[in-house]
Asks: 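Please see the structure below; I have some questions.
Note that ligands are numbered from 1 as they come in the structure, with each ligand's atoms numbered from 1 the same way.
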Amino acid sequence: MLEKQEEIRKEFEKDISSIKNSNDLNELKVKYLGKKGIITELTKNMQELSVEERKELGRVSNELKTTLAEEISKLENELKDKELNEKLASEKIDITMPSTKINVGGLHPLTKITDELEELFISMGYDVVSGPEVEIDKYNFEMLNLPKDHPARDAQDSFYITDEELLRTQTSAVQVRSMLKNQEKKPFKIVCPGKTYRRDADDATHSHQFMQMEGLVVGENITLADLKGTLEEMARKMFGQERNVRFRPSFFPFTEPSYEVDVSCMKCGGSGCNVCKGTGWIEILGSGMVHPNVLEGCGFDTNKYTGFAFGVGIERIAMLKYGITDIRDFYTNDLRFLKNYNRVEGGDK
Ligand code: DAH
């Protein structure tokens with residue numbers, strides 16, 4: 001009996017010494033301690049033995065079982081630790097390694113200016129609307145008091161698509177659309193930013209594609225004072241609280257009276273410098289009281305309703321605000337230019 005025990009032990013020692021991982025160990029466990037394992041085999045024919053022999057066999061096999069189980073469990077723990085350490089070592093993250101550079105996108109300067117303007121006008125109760133870039137002649141010119149043979153059309157050389165359709169030359173076209181749409185809702189106040197197109201040769205101050213934002217308010221008792229107050233707000237929001245505005249009489253077919261609006265120079269404050277060409281003032285937009293012909297053409301009773309309108313060049317505002325000297329920079333998508341306006345702290349520069 002003891003020999004048998006000794007034999008099993010020896011075989012076990014041999015087997016266990018060649019174990020490399022927990023899989024091998026599991027197999028070993030089954031081989032010795034499993035249901036059909038060596039220890040079970042050992043006690044299989046117990047009934048054939050005498051009481052004394054049975055006792056002896058029981059004791060020996062139990063002892064053997066306990067010893068083997070202890071050794072297996074000891075090795076099991078060692079292997080678990082080893083395997084865990086290996087896993088930790090192989091999955092270690094080197095936090096000192098340089099990270100992958102993430103290119104952060106940013107807003108185009110024209111989008112920024114548009115957003116700022118929209119924010120201001122929304123805070124004053126305006127709706128932001130849009131209109132089509134392919135417009136009909138009737139809305140772009142005719143109903144704005146610019147009939148087909150009007151000489152002022154020459155100032156806006158246009159991209160015609162058909163005789164009646166063109167790329168809009170001014171967001172003013174949206175004035176007509178808004179008036180036709182809002183006949184039941186008075187007063188109404190809208191701004192409309194968007195792209196506009198003219199058949200100009202591109203140079204530092206001209207671009208065949210550019211952006212405008214139109215403003216229009218129609219209601220009872222709307223006066224020039226409302227226009228002035230509104231544009232003062234705008235000038236101050238865009239160029240600083242200390243700005244003043246001045247109205248210079250001008251001509252636009254769709255407003256009467258019409259004004260070009262100047263803002264006191266943001267560089268010299270009004271004393272005269274190279275930016276304002278010594279005048280102390282910088283022109284920023286066109287505006288006026290909506291012409292009765294336009295109001296009537298859109299179905300408004302001019303005895304009751306008046307309105308004001310203005311149209312501002314977004315590029316012009318951006319150029320003045322950021323000191324940009326060439327309008328083409330907005331459209332050539334040079335990343336060196338664009339990144340200037342999107343410096344994100346800690347981001348890609
Ligand atoms: N549409 C004009 C332009 O492109 C700008 C303008 C002037 C718009 C006077 C207006 C306005 O609404 O009242 O030159």
Asks: Determine yes or no for a side-chain-to-main-chain donor-acceptor pair under 3.5 angstrom, with Arg198 supplying the side chain and His206 the backbone.
Replies: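 No, because the side chain of Arg198 does not come within donor-acceptor range (under 3.5 Å) of the backbone of His206.
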Asks: Which ligand 1 atoms, with their elements, are less than 4.0 angstrom from a heavy-atom of Gly288?
Replies: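 Contacts of ligand 1 toward Gly288, numbered from 1: 13 (O).
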Asks: Which residue owns the protein heavy atom closest to atom 1 (N) of ligand 1, what's the atom, and how far is it?
Replies: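 Going by distance alone, atom 1 (N) of ligand 1 is nearest to Gln170 OE1, 2.7 Å.
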Asks: Which atoms from ligand 1 have a heavy atom of Gln175 less than 4.0 Å away?
Replies: 12 (O)
Asks: Mark up the atoms of ligand 1 that fall under 4.0 Å of a heavy atom belonging to Ala309, in ascending order.
Replies: 12 (O), 13 (O)
Asks: Classify the contact between Ser287 and ligand 1 as side chain, backbone, both or neither, using a heavy-atom distance cut-off of under 4.0 Å.
Replies: backbone
Asks: Geometry only, no angles: is Ser172 polar-contacting ligand 1 at N/O separations under 3.5 Å?
Replies: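 By distance alone, the answer is yes.
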Asks: Would you check if there is a donor-acceptor pair between the side chains of Gln170 and Gln212 at a distance under 3.5 Å?
Replies: no
Asks: For atom 12 (O) of ligand 1, which protein heavy atom lies nearest, and how many Å away is it?
Replies: Glu214 OE2, 2.5 Å
Asks: Quick check on contacts: which atoms of ligand 1 are under 4.0 angstrom from a heavy atom of Phe252?
Replies: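 Per the distance check, 7 (C), 9 (C).
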Asks: In terms of side-chain heavy atoms, does Asp94 have a donor or acceptor partner in Thr96 at a distance below 3.5 Å?
Replies: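 Yes.
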Asks: For ligand 1, which atoms sit closer than 4.0 Å to a heavy atom of Gln212?
Replies: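 Close to Gln212: 3 (C), 4 (O).
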Asks: Run the salt bridge (charged side-chain N to carboxylate O under 4.0 Å, His left out) check on Asp127 and Lys189 step by step: do they pass?
Replies: CA-CA 6 Å; Asp127 288 331; Lys189 310 198 268 190; over 6 Å; no
Asks: Between CD1 of Ile317 and NZ of Lys321, what distance do you get to the nearest 0.5 Å?
Replies: 9.0 Å
Asks: Going by distance alone, is a donor N or O of one side chain under 3.5 Å from an acceptor N or O of the other, for Glu315 and Ser207?
Replies: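 The criterion, which ignores hydrogens and geometry beyond distance, is not satisfied for Ser207 and Glu315.
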Asks: Less than 6.0 Å separating the ring centroids of Phe310 and Phe121?
Replies: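 Yes.
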Asks: Looking only at N/O atoms, are Phe254 and ligand 1 under 3.5 Å apart anywhere?
Replies: no
Asks: In terms of heavy-atom contacts, does NZ of Lys148 have more than 12 from other residues, nucleotides or ligands at under 6.0 Å?
Replies: yes
Asks: Is ligand 1 under 4.0 Å from a heavy atom in the side chain of Arg198, in the backbone, in both, or in neither?
Replies: side chain
